[in-house]
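The structure appears right after this line, and notes come after that.
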Amino acid sequence: WARHASTHRLGRACTGVCLPGSEAASAAAERQVFLMKRIYLTVEDHLNEINTFEKGCWVHLQNPTREEIDGINARFALDPTYIQSALDEEESSRVESEDDQTLVIVDVPVAERQDEEKTVVYSTIPMAIITNNRFITTVCLRENAVVNEISQGLVKNIQTHLRTQF
C-alpha cells in the first residue's frame with residue numbers, strides 16, 4: 001500500500017483496484033493524471049468530465065483537503081458533518097436526510113497487496129453519497145473501483161441530473 005499511496009502523492013492515477021506491480025498500476029503511472037476533485041455531467045447519455053460546477057453535476061472528492069471541504073460546503077451549503085463522515089474510516093453505513101440533503105454512507109471495497117506474503121487483503125472504507133436538488137457529491141478517503149468504473153463509463157445509464165439514476 002505504501003508504494004500505491006506514493007504513486008498518488010506523486011500525481012499519478014490508478015484505474016481501480018491498483019496493486020503495486022500490477023498492470024493497472026503501471027498503466028496508471030504512465031497517465032500521470034490524478035486530481036483530488038473531479039466533476040462530471042451526463043450529456044446525451046454519456047458521462048463527461050467537466051471543469052466547472054453546473055446544475056446536475058456529480059462532484060467526486062478523494063481524500064479532500066480542509067480547503068476543498070470548506071469550499072464545497074460553502075458553495076453548495078452542505079451540512080458540514082456529511083463530508084467529514086466519509087473521512088472517518090470507522091464510519092458505519094447509514095442514511096440520513098435533512099432539509100433538501102440526503103447522506104448515504106456505504107462501505108466500498110479496497111485491495112491492498114501484502115508484498116511480504118504475496119497476497120491481497122480486501123477491506124472496506126466508507127464512501128459518502130450526498131444528494132440535493134442541484135447536484136450529487138461523493139467523498140471517499142481513497143481511490144476505489146466503484147468510482148473509477150462509473151467515471152470511466154463502464155457503468156451504463158448514469159444520469160448525474162437524476163438522483164435516483166446515479
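- No continuous path of ILVMFWY side-chain contacts below 4.5 Å connects L154 to I158, so the two sit in separate hydrophobic clusters.
- Side-chain contact between I72 and L61 is present, with at least one heavy-atom pair separated by less than 4.5 Å.
- A donor-acceptor pair under 3.5 Å links the side-chain atoms of N48 to the main chain of H46, judged by distance alone.
- Using a 4.5 Å heavy-atom cutoff, the side chains of R38 and S151 are in contact.
- Looking at every heavy atom in both residues, N63 comes nearest to L141 through CB-O, 3.1 Å.
- In plain terms, the two heavy atoms of L41 and G56 that are nearest each other are CD1-O, 3.4 Å.
- A 4.5 Å side-chain heavy-atom check between E96 and E98 finds every atom pair outside the cut-off.
- Remark: aromatic rings of F76 and F135 are close, center separation under 6.0 Å.
- Looking only at side-chain heavy atoms (C-beta outward), H161 and K55 stay at 4.5 Å or farther from each other.
- Within the 3.5 Å criterion, the main-chain N or O of E90 finds a donor-acceptor partner in the side chain of D88.
- Once rounded to the nearest 0.5 Å, the distance linking NE2 of H60 with CG of N148 reads 7.5 Å.
- Two residues are said to be in side-chain contact when any heavy atoms from C-beta on lie closer than 4.5 Å; C140 and V146 fail this criterion.
- Between I129 and I136, some side-chain heavy-atom pair lies under the 4.5 Å cut-off.
- Note that CD1 of I69 is 11.0 Å distant from CG of L78, once rounded to the nearest 0.5 Å.
- The two residues K37 and V59 make their nearest non-hydrogen contact at CG-CG1, 4.2 Å.
- Cluster membership for W58 and V155, using ILVMFWY side-chain heavy atoms within less than 4.5 angstrom, is shared.
- We find that D100 and R134 are joined by a salt bridge, their nearest charged nitrogen and carboxylate oxygen being less than 4.0 Å apart.
- Put simply, CG on L103 and OG1 on T81 are 7.5 Å apart, with the number rounded to the nearest 0.5 Å.
- Between the OG1 atom in T102 and the CG atom in N133 there is a gap of 10.5 Å [rounded to 0.5 Å].
- Distance check: M127 CE to N144 CG gives 5.5 Å after rounding to the nearest 0.5 Å.
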Item checked: Full working for salt bridge (Lys or Arg N to Asp or Glu O under 4.0 Å) between R66 and E68 -> CA-CA 6 Å; R66 170 55 47 203; E68 287 173 317; over 6 Å; no

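- The heavy-atom pair separating T160 from Y40 by the smallest distance is CG2-O, 4.2 Å.
- Closest approach of I39 to N51, counting heavy atoms only: CD1-O, 4.0 Å.
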Margin query: With side-chain contact (heavy atoms from CB on, under 4.5 Å) as the criterion, how do Q62 and R142 come out once you've worked through the C-alpha distance, each side chain's angles and the decisive distance to 0.1 Å?
Written below: CA-CA 6 Å; Q62 181 178 307; R142 292 188 250 161; 5.6 Å; no

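- A pairwise comparison of heavy atoms in I50 and C57 identifies CD1-CB, 4.3 Å as the closest pair.
- In this structure, CG in N73 is found 8.0 Å from CD in Q84, a value given to the nearest 0.5 Å.
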